[in-house]
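In what follows, chains are A, B, ... by sequence order, proteins preceding strands, each numbered from 1.
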Number of protein chains: 2
Amino acid sequence: MKKAKEILQRSDCPISYTLDFFGDKWTLLILRDMMFDGKTSYGEFLQSKEKIATNILADRLGALESNGFVSKTVSPENKSKFVYTLTEKGIALLPVILEMTIWGSKFSPAGGNKELLKVLKSDKEKTIKDFTKLLKKRIQA
Amino acid sequence: MKKAKEILQRSDCPISYTLDFFGDKWTLLILRDMMFDGKTSYGEFLQSKEKIATNILADRLGALESNGFVSKTVSPENKSKFVYTLTEKGIALLPVILEMTIWGSKFSPAGGNKELLKVLKSDKEKTIKDFTKLLKKRIQA
DNA sequence: CCGCATCCCTATAGATACTG
DNA sequence: CAGTATCTATAGGGATGCGG
């Protein structure tokens with residue numbers, strides 16, 4: 001039995017609310033892996049370059065699931081494996097993540113995703129819309 | 001003497017880089033107060049409804065300053081008071097914060113800023129551009 | 001062995017009281 | 001006004017466990 005670790009809302013401010021849940025260093029990285037790399041399993045998340053600890057990963061996946069950002073199902077191929085997929089509520093975070101990508105690409109010493117930046121620059125709104133559509137399609141299959 | 005608390009970069013990923021610095025529950029709220037409420041002083045930040053602790057505020061202001069997101073100057077009116085203002089690097093985070101506002105407004109039980117949402121919906125890119133211009137003007141005065 | 005969870009211990013975040 | 005000091009709670013790293 002898992003306790004659902006509810007979100008404690010500090011104020012009515014929408015920014016504050018967003019940070020109440022996503023204001024940590026790991027949660028959005030999991031969503032990134034799902035959105036951009038199509039990852040769906042615990043093991044795949046573990047392999048990301050930032051090296052998330054197993055307990056943190058389990059905790060965040062649980063929180064994401066119990067708050068409706070991802071759904072957890074048993075893998076059809078492997079009964080002892082779980083598949084995590086984005087919900088629409090999770091997909092709705094794409095614009096936030098993309099803006100973070102843009103900002104990070106501009107200011108990180110490591111540079112950023114030049115390809116993505118070029119596409120975004122030409123028509124950001126369209127890119128967001130199209131990518132959202134793609135993600136939604138992916139979860140229907 | 002203050003240690004500059006450098007950012008430890010977990011990977012080359014721009015999203016990860018953004019989270020390395022802004023992946024906490026308070027830093028962006030300070031920027032929110034500066035952007036949307038025009039706050040400029042320690043005392044004003046303390047009064048926000050989320051009730052930030054004094055040591056956290058001091059810590060975050062120090063980090064924001066030493067990393068070039070805000071600048072700290074002595075108040076012209078009151079020599080024993082400091083004035084914090086956004087830099088261009090800080091202003092560049094506006095799109096991220098606005099997307100968080102949009103997301104939070106959509107999903108927070110408390111609802112959100114309906115006015116802002118309406119404006120953003122009609123032309124998001126223009127709104128961001130105009131507001132950025134306003135913020136830049138503000139720091140030149 | 002792999003996928004996932006738990007335990008333990010340290011480091012950091014954060015609340016409250018206090019100070020130059 | 002603008003912080004520090006001190007103390008406690010929580011996040012997080014690494015090892016370990018356990019079932020297939």
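Side-chain N/O atoms of B:Arg60 include none lying less than 4.0 angstrom from OP1 or OP2 on C:dA13. In this model, the phosphate group of D:dG3 is approached by a side-chain N or O of B:Lys72 to a distance below 4.0 Å at OP1 or OP2. A sub-4.0 Å separation between OP1 or OP2 of D:dG3 and a side-chain N or O of B:Tyr84 is present.
For the pair A:Lys51 and B:Asn55, nearest-nucleotide mapping onto DNA chain D gives the more 5' position to B:Asn55. The 5' end of DNA chain C is approached more closely, in terms of each residue's nearest nucleotide, by A:Ser80 than by the other of A:Ser80 and A:Ile56.
If you take CG of A:Leu57 and C1' of D:dA11, they are 15 Å apart, rounded to a whole angstrom. Between the P atom of C:dG3 and the CD atom of A:Glu77 lies a distance of 13 Å, rounded to the nearest Å. One interatomic measurement links the two molecules: NZ of B:Lys81 to C1' of C:dG20, which rounds to 19 Å at whole-angstrom precision. Rounded to whole Å, atom C1' of D:dA11 lies 12 Å from atom CD1 of A:Ile52. Between A:Asp20 atom CG and D:dT10 atom C1' there is a gap of 16 Å when expressed in whole angstrom units. The CG-C1' distance, from A:Leu64 to C:dC4, rounds to 16 Å in whole Å. Taking atom CG of residue A:Asp59 and atom P of nucleotide C:dC4, one finds them 16 Å apart after rounding to whole Å.
Annotation: cation-pi geometry not satisfied between B:Lys72 and B:Tyr84 (NZ/CZ under 6.0 angstrom from ring centroid, within 45° of ring axis).
Contact check for A:Val74 versus A:Val83: no side-chain heavy atoms found under the 4.5 Å cut-off.
Around atom NZ of A:Lys129, no more than 12 heavy atoms belonging to other residues, nucleotides or ligands sit under 6.0 Å away. For B:Lys51, the NZ atom is densely surrounded, since the number of other residues' heavy atoms within 6.0 Å is greater than 12. Under a cut-off of 6.0 angstrom, the local environment of NZ in A:Lys106 is sparse, with at most 12 non-hydrogen atoms contributed by other residues, nucleotides or ligands.
Side-chain N/O atoms of A:Thr54 and base N/O atoms of D:dA15 include a donor-acceptor pair closer than 3.5 Å. The base of D:dG20 does not come close enough to the side chain of A:Asn78 for any donor and acceptor atom to sit less than 3.5 Å apart.
Contacts between residues 25-48 of chain A and DNA chain D, defined by a heavy-atom separation below 4.0 Å, involve A:Trp26, listed by number.
For A:Ala58, the side-chain atoms get nearest to C:dA5 when compared with the rest of D:dG12, D:dA2, C:dA5.
The backbone N or O of A:Met100 lies less than 3.5 Å from a partner atom in the side chain of B:Thr18, making a donor-acceptor pair. Looking at B:Asp24, its side chain does come within 3.5 Å of a backbone N or O of B:Trp26 through a donor-acceptor pair.
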